[in-house]
Peer 1: 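The structure that follows is given in the form of C-alpha cells.
One-based numbering, in listed order, for ligands and for the atoms of each. Numbering of residues begins at 1 and proceeds along the displayed sequence. Values in this document were obtained by computation on a predicted structure and should not be read as measured data.
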Amino acid sequence: MKLIVRSLTIAGLMLQAVLASAQNPLITNQFTADPSARVFNGKVYVYPSHDIKATPGHGRAGWFVMEDYHVFSSDNLTDWTDHGMIVSQTLVPWADPASYSMWAPDCIARNGKYYFYFPTTTKPDAPGGRGHFAVGVATSNTPVGPFKPEAEPIKGVVGIDPNVFINDDGQAYLYWSQGNIYAAKLKPNMLEIEGEVKTLGDLPVKGLKEGPYMYKHNGTYYLTYPHVENKTERLEYATSKSPLGPFKVTGVIMDENPTGCWTNHHSIIEFKGQHYLFYHSNDLSPSFDKNRSIHADSLFFNTDGTIKKVVPTLRGVGITKAGSKIQIDRFSDKGEDATVAFIDTAKKFDGWKSTVPVSAKGWIRYNRVDFGKSGTQRVTAKAWSAGAGELEIRTGSPTGPVIATIKVPAGKEWSDYSAPVKNKTSGINDLYFTAKGSTVEVDWVSFK
Ligand code: FUB
C-alpha cells in the first residue's frame with residue numbers, strides 16, 4: 001500500500017492521499033462499504049460508507065458506526081486517490097450527531113452540479129417522529145466537494161440506501177429501501193420528489209431487500225438489490241421496460257459473500273468499454289462484519305441481456321505496475337498448498353502475507369503485471385524464510401520459465417531481498433511464484 005499525503009486544506013476537510021491498489025479490497029487503510037461508483041468526466045469516483053469502530057460514547061458497540069463519508073477516484077482502476085472527508089454528521093443540520101448512522105450514499109451529476117444523497121437518523125425533535133432514517137442531499141460544483149448539505153431531508157422519504165437514476169428523457173428517479181424498495185420521480189431541482197411514492201412490489205416478499213441500484217443497459221432497466229434469500233445478502237436483479245416497473249425477478253449477480261459478511265451492497269458502471277460491479281466484503285475484519293471493505297470485479301452481460309454471475313476475487317480489476325509493491329496475497333489463482341494470512345493479526349491494516357511452500361501445489365499466480373516497454377532488470381521481495389528458501393518467479397505456468405530467483409536466507413527477520421531479472425521482461429505478464437529449498441513467506445514483490 002502506497003500512501004502519499006498530497007494536500008491539507010481548510011479545516012482538515014480535504015486530506016488527499018494516493019493509494020495504490022489494483023487489488024481487492026480497493027482501500028486498505030480504512031474501512032469502506034456500500035460503494036456507489038460513478039463515472040464523471042472520464043474518471044471513476046466511488047462514494048462508499050465509512051465504517052469505524054465504536055468507542056465509549058461514540059456509536060453502538062456491535063453495530064454499524066458511521067459518522068462521515070470520503071470519496072475516492074481513479075482514472076485507471078489501479079491508483080486510487082482518497083479526496084478526504086466530504087460530509088460528516090456534524091455538518092448536517094437535521095442529523096442526530098449521536099446516531100453515527102451515515103449509511104449507504106449515492107452521488108449523481110446534473111447540469112454541472114453534483115448531488116450527494118445520504119441516509120441518516122433525524123434529530124430527536126425532527127418532524128415525522130424521533131430518530132427515523134431520512135434521506136438528505138448535499139450539493140457541490142465538483143465530484144469531490146466541498147458538499148453543502150441542505151437544511152432539511154427530502155420530504156416524503158423515510159428509509160435508507162438512496163440511489164438516483166436519470167433516464168434518457170431527463171427524468172430523474174430516487175430509489176430507496178425500508179423493508180420494501182420504493183421509488184419516486186425527482187423534480188428537476190433534484191432536491192424534492194414529485195408525485196406519489198411507488199412501492200416496487202414485484203420483488204421477493206420473504207427476506208430483507210435493501211440497497212437498490214438502477215442500471216439501464218440496451219434499453220432494459222435493471223433494478224439490482226441485495227436480498228436475503230437464504231442466510232445472508234446476495235445481489236439479485238429484476239428487469240423491466242420502465243424505470244418504475246413492473247419488474248420481473250431475473251437472476252443473481254453475486255452469491256452470498258464467502259467470508260460470511262451478512263451485508264452486501266453494490267453499484268454497476270461501464271468504464272472504457274467494460275462493465276464493473278462494485279460491492280463489499282469484510283476482508284480487514286473477518287470476525288466483525290460491520291467493518292467492511294469495498295471491492296471491484298468485472299461484470300459481463302450475456303447476449304440475451306441476463307447478467308453473468310460475478311465471482312468475487314482478491315485480484316480485482318486493475319493492471320498492476322511492475323514497479324509498485326505487488327501484493328501477491330491478492331492472487332488471481334493458487335495451488336491448494338499456498339496460503340494467505342494477516343501479517344499481524346493485531347494490525348490488520350498492515351495487510352496480508354503469502355506462504356509459498358516447496359510443493360507442486362504451492363504456487364501463486366498473479367495476473368496482469370505491466371513491465372512497460374523497456375522492461376525491468378531487478379526484482380525485490382519483502383520476504384522471510386525459516387530455512388534457506390528461494391522464491392522463483394515464472395511466466396506462463398507454475399512450471400514455466402523462471403525469470404528471477406530471489407534467495408531468502410534462513411531464520412532472519414522480514415527483510416528486502418533482490419535478484420536480477422532475466423531477459424529484461426517487458427509488456428503485460430501473468431506471473432507465477434514458487435519456492436525451492438524451503439518455504440518462503442512474502443509480503444510484496446516489486447520490479448525495477
Ligand atoms: O452500511 C449500512 C447498511 O448496511 C447499508 O445501508 C445497507 O445497504 C447495508 O449494506
Side-chain angles (χ1 to χ4, degrees), residues 25-27 30-37 46-54 59-71 87-89 92 95-96 99-107 116-122 131-136 153-154 157-164 174-183 200 203-204 207-214 223-229 231-237 253-257 259-268 277-285 288-296 312:
L26 295 176
I27 309 298
Q30 61 194 285
F31 298 117
T32 50
D34 308 325
S36 243
V46 184
Y47 300 84
S49 308
H50 183 195
D51 292 337
I52 55 173
K53 288 182 189 296
R60 177 175 146 200
W63 191 237
F64 301 104
V65 181
M66 297 136 103
E67 65 179 338
D68 62 17
Y69 301 100
H70 284 221
V71 56
V87 174
S88 142
Q89 59 181 8
V92 178
D96 178 359
S99 71
Y100 289 84
S101 58
M102 306 291 273
W103 285 19
D106 194 8
C107 188
F116 180 74
Y117 296 81
F118 58 94
T120 194
T121 309
T122 55
H132 63 279
F133 265 105
V135 170
I154 304 178
V157 178
V158 174
I160 59 170
D161 297 351
N163 162 245
V164 176
L174 178 69
Y175 299 83
W176 69 96
S177 59
Q178 177 89 317
N180 282 308
I181 292 178
Y182 303 92
L200 304 183
L203 307 176
L208 181 72
K209 304 175 285 293
E210 54 181 0
Y213 184 86
M214 171 55 71
L223 176 67
T224 65
Y225 51 89
H227 169 230
V228 184
E229 171 67 21
K231 286 192 173 155
T232 63
E233 289 181 340
R234 65 182 195 185
L235 304 178
E236 300 178 7
Y237 68 106
I253 304 173
M254 178 175 274
D255 284 327
E256 292 181 358
N257 219 308
T259 63
C261 184
W262 198 91
T263 62
N264 202 345
H265 188 116
H266 67 295
S267 54
I268 298 170
L277 177 76
F278 285 73
Y279 61 98
H280 72 223
S281 185
N282 60 329
D283 319 63
L284 290 164
S285 177
F288 180 54
D289 68 355
K290 288 162 189 69
N291 283 171
R292 299 157 293 177
S293 297
I294 60 169
H295 285 212

Peer 1: Do side-chain atoms of W176 reach the backbone of V158 as a donor and acceptor pair under 3.5 angstrom?
Peer 2: yes
Peer 1: Does K290 make a cation-pi contact with F64 (under 6.0 Å, within 45 degrees of the axis)?
Peer 2: yes
Peer 1: Which protein non-hydrogen atom lies closest to atom 3 (C) of ligand 1, naming both residue and atom, and how far is it?
Peer 2: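 Of every protein heavy atom, W103 CE3, 3.6 Å lies nearest to atom 3 (C) of ligand 1.
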Peer 1: Under 4.0 Å, heavy-atom basis, I'd like to know which part of A33 is in contact with ligand 1: side chain, backbone, both or neither.
Peer 2: neither
Peer 1: I'd like to check which ligand 1 atoms, numbered from 1 as shown, lie under 4.0 Å from a non-hydrogen atom of H280.
Peer 2: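 Under 4.0 Å from H280, ligand 1 has these atoms: 10 (O).
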Peer 1: What protein heavy atom is closest to atom 6 (O) of ligand 1, reported as residue, atom name and distance in Å?
Peer 2: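 Result: D161 OD1, 2.4 Å.
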Peer 1: Is the closest heavy atom of M66 to ligand 1 under 4.0 Å?
Peer 2: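 Yes, M66 has a heavy atom closer than 4.0 Å to ligand 1.
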Peer 1: Tell me whether the rings of Y47 and F116 are parallel (<30°), tilted (30 to 60°) or perpendicular (>60°).
Peer 2: tilted
Peer 1: For N180, what residues pass the side-chain hydrogen bond (donor to acceptor under 3.5 Å, both in side chains) criterion, not counting sequence neighbours?
Peer 2: none
Peer 1: Is a side-chain N or O of S267 found less than 3.5 angstrom from the main chain of A37, in a donor-acceptor match?
Peer 2: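 At least one qualifying donor-acceptor pair exists.
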Peer 1: Over 60° means perpendicular and under 30° means parallel, so tell me whether F133 and W103 are parallel, tilted or perpendicular.
Peer 2: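 F133 vs W103 ring planes: tilted.
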Peer 1: Checking a contact table here: which protein heavy atom is nearest atom 1 (O) of ligand 1, and how many Å away?
Peer 2: D34 OD2, 2.5 Å
Peer 1: To check your reading of the model: name the closest protein heavy atom to atom 9 (C) of ligand 1, its residue, and the distance in Å.
Peer 2: E210 OE2, 3.5 Å
Peer 1: Check each atom of ligand 1 against the heavy atoms of A104 and keep those under 4.0 Å away; list them by number with element.
Peer 2: 6 (O)
Peer 1: Are any of the N/O atoms on R292, whether in the backbone or the side chain, positioned under 3.5 angstrom from an N/O atom of ligand 1?
Peer 2: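 Yes; at least one N/O pair falls below 3.5 Å.
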Peer 1: State, without any angle test, whether N257 and H280 hold a side-chain donor-acceptor pair at a distance under 3.5 Å.
Peer 2: no
